[in-house]
Amino acid sequence: MITLRKSQDRGQVKIDWLDSYHTFSFGNYYDPEYMGWRALRVINEDRVQPRGGFPTHGHQNMEIITYILQGSLEHKDSLGTGSIIKPGEVQRMSAGTGIRHSEFNPSSTDLVHLLQIWLLPETQGLPPSYEQKSFHPLENSGQFQLIATRNPIDHAVKIHQDVNLYAAILKQDDRLSYSFSPERYGWIQVAKGEIILNQISLTAGDGAAIAQEPEITLTATTDAEILLFDLA
C-alpha cells in the first residue's frame with residue numbers, strides 16, 4: 001500500500017526570512033492524521049533567506065538530520081561544534097539529554113534550501129553528539145546511496161534508530177528498484193523533480209508512505225533528487 005502526501009497539502013509557515021513546509025505536524029501546524037510515520041517524526045522543507053536563520057534553541061531526545069539542496073547552512077551548538085553544511089553532505093545531531101544550537105544562512109546573496117528530518121531515537125537520554133559527512137552524490141548518481149543508518153559504513157552518519165536513509169540523484173528516465181524486508185516500512189520524499197513510484201506520479205515536495213510493499217520501482221520523468229527511508 002502506498003499513501004500519497006501531496007506537497008500542497010502540507011502545513012506552511014512563511015515569515016520574512018523563512019518559507020517552511022511541514023510534511024507532519026510541527027510547531028503551530030497540527031493535523032492528527034499526520035503525526036509522523038513509524039520513527040519518522042518531522043520532514044520540514046525550509047528556504048532561508050540570506051543572513052536569516054534560527055537563533056539558539058534547544059532539543060532533547062531526537063535524532064536530527066539536515067540535508068542541503070541549495071546554498072549552505074552554518075551550524076553552531078553547545079558541544080562547541082561550528083560547521084557549514086553544503087549539498088553533498090549530511091549532518092546528524094543527536095539531541096539526547098539536551099543540546100542547544102543555531103542555524104543560519106551565512107550568505108549575503110543566496111538563499112539556502114534544505115530538508116530537516118527528525119527521527120525518534122530508540123533510546124532516551126543518550127549523550128548529545130554531532131556528526132557530518134560527505135557522500136559525493138554526483139559520483140554515485142543513478143543509484144541509492146546510504147547516508148544515515150544505525151550501523152554506519154563509508155559515508156553514512158550514525159543514527160540511534162533502526163532506520164536506513166538513502167539519497168538518490170537521478171537523470172531523466174533513470175529507473176531504480178528497492179526491496180523491503182518483511183515487516184519493514186518506507187517513506188519516499190521527492191526533493192527535486194518528478195518521479196513515478198509504482199505507477200503513482202510524485203513531484204517535488206510530495207511524499208509517500210509505503211506499507212506491505214515487498215518491492216518498489218522508481219522512474220524519473222525529469223532529473224530528480226529523492227530520499228528513501230527504510231523503517232522498522
Side-chain angles (χ1 to χ4, degrees), residues 3-50 52-77 83-87 89-95 99-107 110-121 130 132 147-148 157 159 161 163 165-167 186-193 202-209 225-229 231:
T3 304
L4 186 60
R5 174 65 157 153
K6 293 296 292 181
S7 174
Q8 63 266 27
D9 295 333
R10 298 177 294 176
Q12 184 183 18
V13 171
K14 190 169 185 179
I15 55 178
D16 56 350
W17 58 268
L18 175 68
D19 189 4
S20 181
Y21 287 89
H22 306 329
T23 295
F24 303 113
S25 295
F26 182 86
N28 292 328
Y29 169 65
Y30 174 72
D31 185 334
E33 295 186 5
Y34 289 94
M35 296 300 296
W37 178 243
R38 312 300 294 178
L40 179 57
R41 179 60 187 84
V42 167
I43 302 178
N44 289 350
E45 181 181 5
D46 296 337
R47 290 175 174 86
V48 180
Q49 293 298 317
F54 302 92
T56 301
H57 57 283
H59 298 286
Q60 284 185 305
N61 293 315
M62 197 67 69
E63 301 289 289
I64 300 173
I65 296 172
T66 302
Y67 184 92
I68 305 294
L69 298 166
Q70 175 188 346
S72 60
L73 189 72
E74 183 175 4
H75 165 97
K76 294 180 180 179
D77 64 40
S83 67
I84 293 178
I85 180 173
K86 306 178 292 298
E89 298 175 334
V90 59
Q91 176 197 89
R92 184 269 303 164
M93 186 176 70
S94 296
I99 192 169
R100 294 179 61 77
H101 76 137
S102 63
E103 299 163 292
F104 278 90
N105 181 354
S107 174
D110 302 321
L111 68 75
V112 56
H113 182 196
L114 65 120
L115 296 176
Q116 187 165 99
I117 297 149
W118 292 13
L119 294 157
L120 299 169
Y130 177 91
Q132 181 173 324
I147 63 170
V157 295
I159 47 177
Q161 180 54 269
V163 174
L165 172 57
Y166 299 86
W187 183 277
I188 291 283
Q189 188 70 28
V190 181
K192 296 180 181 179
L202 287 83
T203 62
D206 290 352
E225 187 167 357
I226 65 103
L227 294 179
L228 166 64
F229 298 82
L231 303 138

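In this view, Phe104 satisfies the ring-ring contact (aromatic ring centres under 6.0 Å, His included) rule with no residue, not counting sequence neighbours. Partners of His101 according to the ring-ring contact (aromatic ring centres under 6.0 Å, His included) rule, which considers only residues two or more places apart in sequence or in another chain, are His57, His59, His75. Remark: Ser72 pairs with Ile84, Lys86, Pro106 by the side-chain contact (heavy atoms from CB on, under 4.5 Å) rule, at least two apart or across chains. Applying the side-chain hydrogen bond (donor to acceptor under 3.5 Å, both in side chains) rule to Glu225 yields the partners Tyr67; only residues at least two apart in sequence or on another chain are considered. A search for side-chain contact (heavy atoms from CB on, under 4.5 Å) contacts involving Gln132 returns Ser83, Ile85, Glu89, Gln91, Tyr130, not counting sequence neighbours. For Trp118, the side-chain hydrogen bond (donor to acceptor under 3.5 Å, both in side chains) partners are Gln116, not counting sequence neighbours. Under the rule for a ring-ring contact (aromatic ring centres under 6.0 Å, His included), Tyr29 has no partner lying at least two apart in sequence or in another chain. For Tyr34, there are no ring-ring contact (aromatic ring centres under 6.0 Å, His included) partners, not counting sequence neighbours. The side-chain hydrogen bond (donor to acceptor under 3.5 Å, both in side chains) test applied to Gln49 returns no partner, not counting sequence neighbours. By the side-chain contact (heavy atoms from CB on, under 4.5 Å) test, Lys6 pairs with Leu4, Gln8, Asp9, Thr203, Asp206, sequence neighbours left out. Contacts of Asp110 classified as side-chain hydrogen bond (donor to acceptor under 3.5 Å, both in side chains), with partners at least two apart in sequence or in another chain: none. In this structure, the salt bridge (Lys or Arg N to Asp or Glu O under 4.0 Å) partners of Arg10, at least two apart in sequence or on a different chain, are Glu45.
Closest heavy-atom contact between Gln189 and Gly207: OE1-CA, 3.7 Å. Among all heavy-atom pairs drawn from Ser25 and Asp31, the shortest one is OG-N, 2.7 Å. Considering all non-hydrogen atoms of both residues, Gly71 and Pro87 come closest at O-CD, 3.1 Å. Annotation for Ala39 and Leu231: closest pair N-CD2, 4.4 Å, computed over non-hydrogen atoms. For the pair Val48 and Asn105, the tightest heavy-atom approach, listed with the atom from each and the gap, is O-ND2, 3.1 Å. Closest non-hydrogen pair, Ala191 versus Leu115, comes out as CB-CD1, 4.2 Å.
Leu119 places none of its side-chain heavy atoms less than 4.5 Å from the side chain of Met62. A 4.5 Å side-chain heavy-atom check between Thr3 and Trp37 finds every atom pair outside the cut-off.
The CG atom of Asp19 lies 9.5 Å from the CG atom of Leu111; values are rounded to the nearest 0.5 Å. The structure places CG of Leu114 at 4.5 Å from CD1 of Ile68, a figure rounded to the nearest 0.5 Å. Between Asp77 atom CG and Arg100 atom CZ the span is 11.5 Å, to the nearest 0.5 Å. Arg47 CZ to Leu69 CG: the interatomic distance, rounded to the nearest 0.5 Å, is 8.5 Å. A distance of 8.0 Å separates CD1 in Ile99 from CD1 in Ile64, rounded to the nearest 0.5 Å. The structure places CG of Leu228 at 12.0 Å from CH2 of Trp187, a figure rounded to the nearest 0.5 Å.
Judged by distance alone, with hydrogens and angles left aside, the side-chain atoms of Arg5 form no donor-acceptor pair with the main-chain N or O of Gly205 at under 3.5 Å. Remark: the backbone N or O of Pro50 is not paired with any side-chain donor or acceptor of Ser107 at under 3.5 angstrom.
Under the side-chain contact (heavy atoms from CB on, under 4.5 Å) test applied with Val157, the options Glu63, Arg92, Met93 reduce to a single match, Arg92.
Ring geometry, Trp17 versus Phe54: the interplanar angle exceeds 60°, so the pair is classed perpendicular (tilted spans 30 to 60°).
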>> Leu40 vs Thr23, test: side chain to side chain contact (heavy atoms under 4.5 Å, CB included). Steps then yes/no.
In response: CA-CA 11 Å; Leu40 179 57; Thr23 295; over 6 Å; no
> Could you walk me through whether Asp46 and Ser20 pass the side-chain hydrogen bond (donor to acceptor under 3.5 Å, both in side chains) check?
Replying inline: CA-CA 4 Å; Asp46 296 337; Ser20 181; 2.5 Å; yes
